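Below you'll find the structure, written out as structure tokens, and then a few comments.
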Amino acid sequence: MSLETCFQTHSSLLMEGAILERIKREFRLVPDEIIALAGLAGTEAGQKALAELWGQYGTIARKYHLPFLAATPTRRADPERLKRAGRNESVWKENLAFLKAIRDRSGIEMYAGGMLGCRGDAYTGEGALPESDAYRFHRRQAEAFREGGADYLYAALLPTLPEAIGMARALAATGLPYLLSFTIRRDGKLIDGNTIHEAVAAIDAAGPKPPLCYLAGCVHPNIVYEALSQPFNRSNLIRSRFSGIQGNTSALSYAELDGSRELRGSDPEEFADAMIRLKQDMGFRILGGCCGTDSRHLEAVARRM
């Protein structure tokens, strides 16, 4: 079953929980300063850690009979960063091949995605690209994931609307289903000041193949609830198109969380309460975790889904 068909026929899909923070804190592996986790799929220790984490999350999906979405840890492995790190584009397919092998061994309905990120800073928007440049910049990575047999593409943590439109066009050109997540503010806007409604409307209108849906990433579910409750976001468009979250356990701001030495957050049941409120009140269908989450948080969510 394709992810597109899965999304159309399932009301609940489980997305992976935290990868980066758990790799650092539990496995004591040091991410590359430039491309973060993208180099780990080529090392024995990295493969062991990634397989353990995806295995935990996949086991939860199996237990509660939920489709499971995982994505390559390649958000920071764009063409510029690869060049600065002295790596080549084979990193993209190497990561995807490893994730697909995990999928094929899982015995569950699992989807292996290729993840892309914005060119600049996901939390401030610094270094973001205009639309036309973004299309050219991200097209090669998206195409590499298509060539490698990705089930879907995932553009994660996009802070500015012009780059998000360009990325959406690049991902759509592959013909693969794709998801798009924003970094959003409590006031219901992207980092660049565009409202969530404005962003979704603009991207949906930009090309012939819009995302399967939109998500919020690296943010506490209560902040998302508040953002979507703003009058300008309470629209039929947002209700039907904004359908997922990778949630943090902490309600700290992006600036406070980025590079934090300690993860402060809610316990699994409190986190699940906030996540399920988005499902019940806002119609969310894809629920997953980000900073501060582990298998306990994901299981609490899955059990309630």
Side-chain angles (χ1 to χ4, degrees), residues 7 10-27 49-50 52-71 106 108-111 154 156-157 179 181-186 188 213-230 233 238-239 242-254 256-258 260-305:
F7 185 75
H10 288 75
S11 62
S12 298
L13 296 83
L14 187 68
M15 204 166 196
E16 65 190 13
I19 299 292
L20 174 61
E21 292 297 335
R22 295 189 67 189
I23 288 285
K24 292 191 297 185
R25 298 172 193 279
E26 296 178 30
F27 294 88
L50 290 168
E52 170 66 22
L53 295 180
W54 282 324
Q56 290 179 18
Y57 298 144
T59 297
I60 294 167
R62 177 188 294 110
K63 180 177 179 179
Y64 296 99
H65 309 289
L66 295 167
F68 176 52
L69 279 64
S106 71
I108 63 173
E109 187 177 358
M110 176 177 171
Y111 297 89
Y154 182 32
L157 297 181
L179 304 170
S181 84
F182 298 122
T183 38
I184 64 171
R185 305 187 323 214
R186 189 183 297 271
C213 72
Y214 298 85
L215 300 85
C218 199
V219 62
H220 192 277
N222 286 346
I223 294 177
V224 178
Y225 194 97
E226 185 174 341
L228 295 183
S229 296
Q230 298 295 332
N233 289 328
I238 293 301
R239 178 74 184 190
F242 205 100
S243 302
I245 180 176
Q246 282 193 280
N248 291 342
T249 62
S250 172
L252 293 175
S253 70
Y254 296 125
E256 292 170 312
L257 277 174
D258 195 24
S260 175
R261 291 178 177 270
E262 297 182 6
L263 292 178
R264 291 167 282 174
S266 51
D267 70 28
E269 294 304 326
E270 291 174 341
F271 177 72
D273 286 344
M275 293 284 279
I276 295 302
R277 184 169 69 145
L278 286 172
K279 179 172 178 58
Q280 293 174 338
D281 294 359
M282 302 292 186
F284 276 30
R285 298 165 64 188
I286 300 177
L287 301 183
C290 198
C291 299
T293 61
D294 56 30
S295 57
R296 299 169 305 146
H297 297 86
L298 219 62
E299 174 144 12
V301 170
R303 184 175 65 247
R304 302 274 295 278
M305 289 172 80

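Everything numeric here is computed off the predicted structure, so don't read it as measured data. Numbering of residues begins at 1 and proceeds along the displayed sequence.
- Closest approach of I108 and G58 over heavy atoms only: CD1-O, 3.6 Å.
- Atom CD of E52 and atom OH of Y57 lie 10.0 Å apart (nearest 0.5 Å).
- Closest heavy-atom contact between N222 and A274: OD1-CB, 3.4 Å.
- For A71, the side chain to side chain contact (heavy atoms under 4.5 Å, CB included) partners two or more places apart in sequence, or in a different chain, are E16, M115, Y152, Y154.
- With sequence neighbours left out, R239 forms a salt bridge (charged side-chain N to carboxylate O under 4.0 Å, His left out) with no residue at all.
- Atoms CE and NE2, from M275 and H220 in turn, are 9.5 Å apart once rounded to the nearest 0.5 Å.
- Looking only at side-chain heavy atoms (C-beta outward), L287 and I276 come within less than 4.5 Å of each other.
- Between I184 and L228, the closest side-chain pair of non-hydrogen atoms is not below 4.5 Å.
- For the residue pair W54 and A70, the shortest heavy atom distance occurs at NE1-CB, 3.7 Å.
- Residues that satisfy the side chain to side chain contact (heavy atoms under 4.5 Å, CB included) test with H65, not counting sequence neighbours, are absent from this structure.
- Shown here are the ring-ring contact (aromatic ring centres under 6.0 Å, His included) partners of Y214, two or more places apart in sequence or in another chain: F182.
- Between Y111 and P67 the shortest heavy-atom distance is CE1-CB, 4.3 Å.
- Rounding to the nearest 0.5 Å places SG of C218 at 8.0 Å from CD of E21.
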Exercise. Using the side chain to side chain contact (heavy atoms under 4.5 Å, CB included) rule, take F27 and L53 through it: C-alpha gap first, then chi angles, then the decisive distance, then the call.
Key: CA-CA 10 Å; F27 294 88; L53 295 180; 3.8 Å; yes
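- Here the side chain of N248 pairs no donor or acceptor atom with the backbone of C290 at under 3.5 angstrom.
- Residues F68 and I60 form no side-chain contact, since every pair of their non-hydrogen atoms from C-beta on lies 4.5 Å or further apart.
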Give every donor-acceptor pair under 3.5 Å between a side-chain atom in residues 296-305 and any protein atom, sequence neighbours left out.
residue : atom : partner : partner atom : Å
R296    : NE   : D294    : OD1          : 3.1
R296    : NE   : D294    : OD2          : 3.1
R296    : NH2  : D294    : OD2          : 2.9
H297    : ND1  : D294    : N            : 3.3
H297    : ND1  : D294    : OD1          : 3.1
H297    : NE2  : S266    : O            : 3.3
E299    : OE2  : K63     : NZ           : 2.6
E299    : OE2  : Y64     : OH           : 2.9
R303    : NH2  : E269    : OE1          : 3.2
R303    : NH2  : E269    : OE2          : 2.4
R304    : NH1  : D273    : OD1          : 2.8
R304    : NH2  : D273    : OD1          : 3.2

Practice problem: List the steps, then state whether side chain to side chain contact (heavy atoms under 4.5 Å, CB included) holds for M15 with L179. | Solution: CA-CA 12 Å; M15 204 166 196; L179 304 170; 4.2 Å; yes
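- The closest side-chain heavy-atom distance from S12 to L14 is not below 4.5 Å.
- Distance check: L66 CG to S11 OG gives 9.0 Å after rounding to the nearest 0.5 Å.
- By the side chain to side chain contact (heavy atoms under 4.5 Å, CB included) test, Q230 pairs with E226, F232, N233, sequence neighbours left out.
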Self-check item: Stepwise side chain to side chain contact (heavy atoms under 4.5 Å, CB included) check, L215 with F284
Solution: CA-CA 9 Å; L215 300 85; F284 276 30; over 6 Å; no
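- Taking R62 as the reference, nothing meets the salt bridge (charged side-chain N to carboxylate O under 4.0 Å, His left out) condition, with sequence neighbours excluded.
- Between the side chain of S181 and the main chain of L157, a donor-acceptor pair closer than 3.5 Å is present.
- Considering SG of C291 and CD of Q246, their distance stands at 10.0 Å, rounded to 0.5 Å.
- Pairs passing the salt bridge (charged side-chain N to carboxylate O under 4.0 Å, His left out) check and including a residue from residues 274-283, sequence neighbours excluded, do not occur.
- Minimum interatomic distance between A216 and V224 (heavy atoms only, all atoms of both residues): CB-CG2, 3.7 Å.
- Contact between F271 and P221 at its shortest, heavy atoms only, is CE1-CD, 4.0 Å.
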